[in-house]
There are 2 protein chains.
Amino acid sequence: MLSAKSQYAFKALTYLTEHYKKGPVLISEIARKKKIPLKFLENILLELKKAGILDSKKGKGGGYYLKQDPAKIKVATIVRLINGPIAMLPCVSLYFYERCKNCDEKSCGLHDLMIDVRDATLEILEGRTLKDLVV
Amino acid sequence: MLSAKSQYAFKALTYLTEHYKKGPVLISEIARKKKIPLKFLENILLELKKAGILDSKKGKGGGYYLKQDPAKIKVATIVRLINGPIAMLPCVSLYFYERCKNCDEKSCGLHDLMIDVRDATLEILEGRTLKDLVV
DNA sequence: TACTACCCTACCAAAATAGTAGACTTTATC
DNA sequence: GATAAAGTCTACTATTTTGGTAGGGTAGTA
């Protein structure tokens, strides 16, 4: 399941997508409109900025805005960033790989199955962008 | 990600699948062979028994065994039982549905996306059984 | 230079996860 | 029927993750 943090991130990003190219948006405005705890949202937006998804302007008239075209920001990227691995097992994760304890990957049926699940999931998450989230 | 508990459950079930129709298997044997903490495994097997997946025999010569044909036990069933929801959002879960806070499901892009992810995942998890986990 | 708004570190509480303890019950077999 | 084997059950504890808060620092703009 996506964490609350991830859901907040998507709500904020959706809001910023709707305001793309319309100047910086205040954290407090996003928090109010999307009903997200203000300080928690600050952390999330800062994280997205450090990852290169958002940029910000300080001082009066400042705020956050999308650094790239929302049609170029994949949903998969956001999930990995805020929520962590997409795969159901560490040993089949592309970006967070860890070897399994006590399980030979070459002869593990669960391993093979979870690769299929991962690929099916990625096919969707890699193919959709923030733009697709706005209806 | 699947919890450690879920991974233990699958290891144990795989072992029992390999011993299907060969009489009861000791908890301690499974724990030793699959390197699972004994008491933790006890809880897991008991849970699987209460759910109707396993059955057991008490006393000397006792142990656990699969109640049904491993080719008829879906992976999805086990995941739901031990790990919980398969969907990435409560509002798109078939078995653990909960309404979203502050999100109208009819106009939520994330909602629609996650339904697609859920269906792609289920297509695989509902189609494979314990038998498929044994290579 | 004062105000605004993001930046940053640290902290805290609650919930979920992982694992343990120990007493109890049932059953096979000698 | 005694005994030992083996699952049953309740409860507890420790650790990690998650969700959220506090408050001062820093930079930009008018």
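Predicted model only: the values in this text are computed from it and were never measured. Letters A, B, ... mirror the listed sequences (proteins, then strands); counts begin at 1.
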Side-chain heavy atoms of B:His111 within contact of B:Cys100, under 4.5 Å: no
A:Tyr8 side chain N/O closer than 4.0 Å to the phosphate oxygens (OP1, OP2) of D:dG20? yes
Check whether any side-chain heavy atom of B:His19 lies under 4.5 Å from a side-chain heavy atom of B:Tyr15, and answer yes or no. yes
Using heavy atoms to find the nearest nucleotide of DNA chain C for B:Phe40 and A:Ser28 separately, return the residue whose nucleotide is more 5′. A:Ser28
How far apart are the C-alpha atoms of A:Ile124 and A:Val75, what are their side-chain angles, what is the distance that settles it, and do they pass the side-chain contact (heavy atoms from CB on, under 4.5 Å) test? CA-CA 9 Å; A:Ile124 297 167; A:Val75 173; over 6 Å; no
To the nearest Å, give me how far apart CD (A:Gln7) and C1' (D:dT18) are. 13 Å
Tell me every residue that passes ring pair (Phe, Tyr, Trp, His ring centres under 6.0 Å) with A:Tyr95, counting only those two or more places apart in sequence or in another chain. none
To the nearest angstrom, how far is A:Lys5 atom NZ from D:dG20 atom C1'? 11 Å
Taking NZ from A:Lys11 and P from D:dG19, how many angstroms apart are they, rounded to a whole number? 13 Å
Given atom CE of B:Met1 and atom P of D:dT16, what is their separation to the nearest angstrom? 16 Å
Between B:Met114 and B:Met88, is a side-chain contact (heavy atoms from CB on, under 4.5 Å) present by the stated rule, with each step listed? CA-CA 7 Å; B:Met114 290 309 175; B:Met88 295 185 85; 3.9 Å; yes
Got a sec: does the CD of A:Glu123 have more than 12 other heavy atoms crowding it under 6.0 Å? no
Show which side-chain atoms of residues 115-122 of chain A pair as donor or acceptor with protein atoms under 3.5 Å away, not counting sequence neighbours.
unit_1, atom_1, unit_2, atom_2, d
A:Asp116, OD2, B:Arg128, NH1, 3.4
A:Asp116, OD2, B:Arg128, NH2, 2.5
A:Arg118, NH1, A:Val92, O, 2.8
A:Thr121, OG1, A:Val117, O, 2.8

Please list, chain by chain and in numerical order, all residues satisfying side chain to side chain contact (heavy atoms under 4.5 Å, CB included) with B:Ser93, sequence neighbours excluded. B:Pro85, B:Ala87, B:Phe96
Mind jotting down which residue pairs meet the salt bridge (charged side-chain N to carboxylate O under 4.0 Å, His left out) criterion with at least one end in residues 71-95 of chain A? Sequence neighbours excluded, please. A:Lys74-A:Glu126, A:Arg80-A:Glu126
For residues 40-53 of chain B, which residue pairs qualify under salt bridge (charged side-chain N to carboxylate O under 4.0 Å, His left out), counting only residues two or more places apart or in two chains? B:Lys5-B:Glu47, B:Lys39-B:Glu42
Would you say a side-chain N or O of A:Ser3 is under 4.0 Å from OP1 or OP2 of D:dG19? yes
State which residues pass side chain to side chain contact (heavy atoms under 4.5 Å, CB included) with A:Leu26; sequence neighbours excluded, sorted by chain then number. A:Ser28, A:Glu29
Could you list where the contact with chain A starts and ends along DNA chain C, reading 5' to 3', using a 4.0 Å heavy-atom cut-off? C:dT4 to C:dC8
Which residues, if any, of residues 47-54 of chain A bring a heavy atom under 4.0 Å of DNA chain C? A:Lys49, A:Lys50
Close N/O contacts between protein and nucleotides 12-14 of chain D (under 3.5 Å):
none

Can B:Thr17 and B:Thr14 be counted as having a side-chain donor-acceptor contact under 3.5 angstrom? no
For the pair made of CG in A:Leu38 and P in D:dG19, what is the distance, rounded to whole Å? 18 Å
Validation: residues 58-70 of chain B side-chain donor-acceptor distances under 3.5 Å, sequence neighbours left out:
unit_1, atom_1, unit_2, atom_2, d
B:Gln68, NE2, B:Gly52, O, 3.1
B:Asp69, OD1, B:Ala71, N, 2.9

For a quick check of understanding: with a heavy-atom distance under 4.0 Å over all strands, which category does A:Leu45 fall into, base, sugar-phosphate or nothing? nothing
Please give, in whole Å, the distance from D:dG20 C1' to A:Leu46 CG? 16 Å
Go along nucleotides 23-30 of chain D 5' to 3' and tag each nucleotide: B for a protein heavy atom under 4.0 Å from its base, S when only backbone or sugar atoms are that close, - otherwise. B---SBS-
When only distance counts, do a donor and an acceptor, one from the side chain of A:Asn43 and one from the base of D:dT21, lie under 3.5 Å apart? yes
B:Leu81 meets the side chain to side chain contact (heavy atoms under 4.5 Å, CB included) criterion, sequence neighbours left out, with B:Leu48, B:Ala51, B:Ile53
